[in-house]
2 protein chains.
Amino acid sequence: MSVKILIVDDHPLVLEGLKSLLADTEGVQVVGTASNAIDAITFLKNNEVDIAFLDINLPDISGIDLCKKVKDQFPEVKTLALSTFNERAYVSRMIQNGASGYLIKSSGKEDILEAIEQVQAGGYFMNVQFDQAAPTGAPKTVPFLTRREKEVLVLIAEGLTNPQIAEQLFISVTTVNSHRQNLLMKFEVSNTASLIKLAAGLGLI
Amino acid sequence: MSVKILIVDDHPLVLEGLKSLLADTEGVQVVGTASNAIDAITFLKNNEVDIAFLDINLPDISGIDLCKKVKDQFPEVKTLALSTFNERAYVSRMIQNGASGYLIKSSGKEDILEAIEQVQAGGYFMNVQFDQAAPTGAPKTVPFLTRREKEVLVLIAEGLTNPQIAEQLFISVTTVNSHRQNLLMKFEVSNTASLIKLAAGLGLI
DNA sequence: TCAAAAATCATGCTTTTAGAGGATTGATTG
DNA sequence: CAATCAATCCTCTAAAAGCATGATTTTTGA
């Protein structure tokens with residue numbers, strides 16, 4: 001009996017690539033694909049799936065949220081995060097949300113098959129490149145940000161100054177500054193440039 | 001006689017996906033793939049190619065530079081830029097460097113085939129999504145940056161301050177500041193946060 | 001070769017950030 | 001209920017960034 005796989009990614013090329021790579025493989029069967037979270041959930045309701053490959057960047061909701069939804073509604077479905085370099089740091093969040101592993105999209109066929117094997121056996125799979133190839137100042141994990149911090153972060157990225165942000169959010173400049181300091185602390189950086197670079201690399205802005 | 005295609009991308013999945021999409025298509029033949037610029041150039045030296053699909057983010061040199069190299073050394077080869085959302089703005093630079101068009105990686109099969117047809121006929125191809133889906137404050141074009149400006153930009157993104165950058169580059173703080181001001185001007189922004197966000201979105205850092 | 005562009009430096013001024021050290025309120029939750 | 005945490009506000013200082021204006025020297029490309 002073959003492992004039933006659902007692929008969720010909004011890039012037809014990735015979909016096609018994975019399908020093609022897995023097509024001629026014994027014991028593995030791509031039973032469906034989806035390009036957004038809603039279709040993915042719908043598919044899971046109506047079909048039996050062993051492993052769901054989840055892209056981290058989806059048009060409607062983030063892969064992280066989708067992962068949570070899937071594990072909540074379909075706990076028997078194992079999930080594998082699909083990420084690119086820049087999203088490495090997201091992965092720990094996926095794992096926290098119940099993912100059984102992750103694959104970077106530049107993985108070769110061997111990695112992918114190994115991942116499926118491991119995960120299907122109830123284990124976890126992590127690309128080895130994960131730890132070594134962490135480029136330029138990526139944090140170990142995506143810091144947990146509060147609602148307000150996220151708002152402030154976005155406004156900083158849009159180029160607003162503290163006074164402007166204060167005006168926008170109807171709060172005092174000192175409060176904005178507090179959030180700003182907290183952001184710097186949580187990202188373990190010491191200025192706006194690094195902050196924005198990291199946040200951008202993590203897809204937060 | 002079929003159109004001979006070379007695909008240059010460092011993601012096996014994209015390579016596989018494109019190959020798979022084009023495999024069963026009449027009149028189109030993927031004659032080779034490369035995952036970096038050096039391999040691509042080598043392949044072009046030894047093989048006849050009609051159209052080269054060039055990923056914008058390659059491990060060794062940027063797709064923009066590769067595009068230039070290809071057009072210099074192999075003017076008869078037509079080039080098609082492969083980009084993701086975030087790199088839209090790069091595309092104009094590719095066109096300036098002689099590319100015959102671009103495809104975003106989320107294109108479907110129809111788009112890809114149409115692109116090949118157009119380009120092979122001597123025309124240009126642009127995804128329609130290009131103009132409409134320009135998100136959050138992207139500039140019309142990627143500003144042209146000088147060598148020094150790029151260096152300074154990277155160091156800013158790494159979180160260095162003007163004094164630190166000055167020390168690093170063995171130049172005066174005022175000079176660093178000049179470059180910084182020029183960067184702000186060229187990107188049409190007024191602070192570091194916006195600058196880094198844009199630069200990150202364009203894959204410059 | 002000659003003009004444009006790049007890289008270099010300076011001065012003075014204002015605004016914004018970064019950093020330290022608090023303090024208060026309200027909600028959540030074990 | 002007490003502890004925790006988010007969100008709010010405060011003062012003060014020093015450092016850095018932003019803005020204007022202007023100038024000299026290399027490079028480089030047409």
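Per chain, numbering begins at 1; letters A, B, ... match sequence-line order.
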So do the side chains of [X] and [Y] get within less than 4.5 Å of each other, counting heavy atoms only?
X        : Y        : value
B:Asp55  : B:Val8   : no
A:Ile116 : A:Val28  : yes
A:Arg148 : A:Leu169 : yes
A:Asp9   : A:Leu82  : yes

Original post:
Of all heavy-atom pairs between B:Ile7 and B:Lys19, which one has the smallest distance, and what is that distance?
Top reply: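 Taking B:Ile7 first and B:Lys19 second, the nearest heavy atoms are CD1-N, 4.2 Å.
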Under 4.0 Å: is that the gap between some side-chain N or O of [X] and OP1 or OP2 of [N]?
X        : N      : answer
A:Thr175 : D:dC9  : yes
A:Ser172 : D:dC10 : yes
B:Arg148 : C:dT8  : yes

Subject >> Per-nucleotide protein contact string for nucleotides 23-29 of chain C, where B marks a base within reach and S marks sugar-phosphate only (heavy atoms under 4.0 Å, - for neither) >> reply: -------
Original post:
Taking protein heavy atoms under 4.0 Å as touching, what does nucleotides 16-26 of chain D look like 5' to 3' if B marks base contact, S marks sugar-phosphate-only contact and - marks none?
Top reply: SSBB-------
Determine yes or no for a side-chain-to-main-chain donor-acceptor pair under 3.5 angstrom, with [X] supplying the side chain and [Y] the backbone.
X        : Y        : answer
B:Lys109 : B:Leu22  : no
A:Gln164 : A:Thr161 : yes
B:Thr42  : B:Ile38  : yes

**OP:** Find the distance between CZ (A:Phe187) and CG (A:Leu145) and round it off to the nearest 0.5 Å.
**Re:**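 One gets 4.5 Å once the value is rounded to the nearest 0.5 Å.
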Let me know the distance between [atom1] of [X] and [atom2] of [N], rounded to the nearest Å.
X        : N      : atom1 : atom2 : value
A:Leu195 : C:dT16 : CG    : C1'   : 15 Å
A:Glu149 : D:dA6  : CD    : P     : 7 Å
B:Ile171 : C:dA6  : CD1   : P     : 16 Å
A:Phe170 : D:dC9  : CZ    : P     : 13 Å
A:Ile156 : C:dA18 : CD1   : C1'   : 12 Å
B:His179 : C:dC9  : NE2   : P     : 8 Å
A:Leu155 : C:dT17 : CG    : P     : 12 Å
A:Ile165 : D:dA7  : CD1   : C1'   : 16 Å

**OP:** Kindly calculate the angle separating the two end axes of the helix from C:dT1-D:dA30 to C:dG30-D:dC1, each obtained from five base pairs, and round it to 10 degrees.
**Re:**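 Inter-axis angle at the termini of the helix from C:dT1-D:dA30 to C:dG30-D:dC1: 70°.
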Original post:
Using 4.0 Å as the upper bound for N to carboxylate O, is an ion pair formed by A:Lys186 and A:Glu149?
Top reply: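 Looking at A:Glu149 and A:Lys186, the cut-off is met.
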Subject >> B:Thr174, nearest nucleotide to its side chain (from D:dA7, C:dC9, C:dA6) >> reply: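 Selected nucleotide: C:dC9.
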Subject >> A:Ser194 and A:Asn191 side chains, donor-acceptor separation under 3.5 Å >> reply: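 Per modelled atom types, A:Asn191 and A:Ser194 side chains form a pair under 3.5 Å.
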Subject >> Trace of the side-chain hydrogen bond (donor to acceptor under 3.5 Å, both in side chains) decision for A:Arg180 with A:Thr192 >> reply: CA-CA 9 Å; A:Arg180 194 180 197 121; A:Thr192 303; 3.1 Å; yes
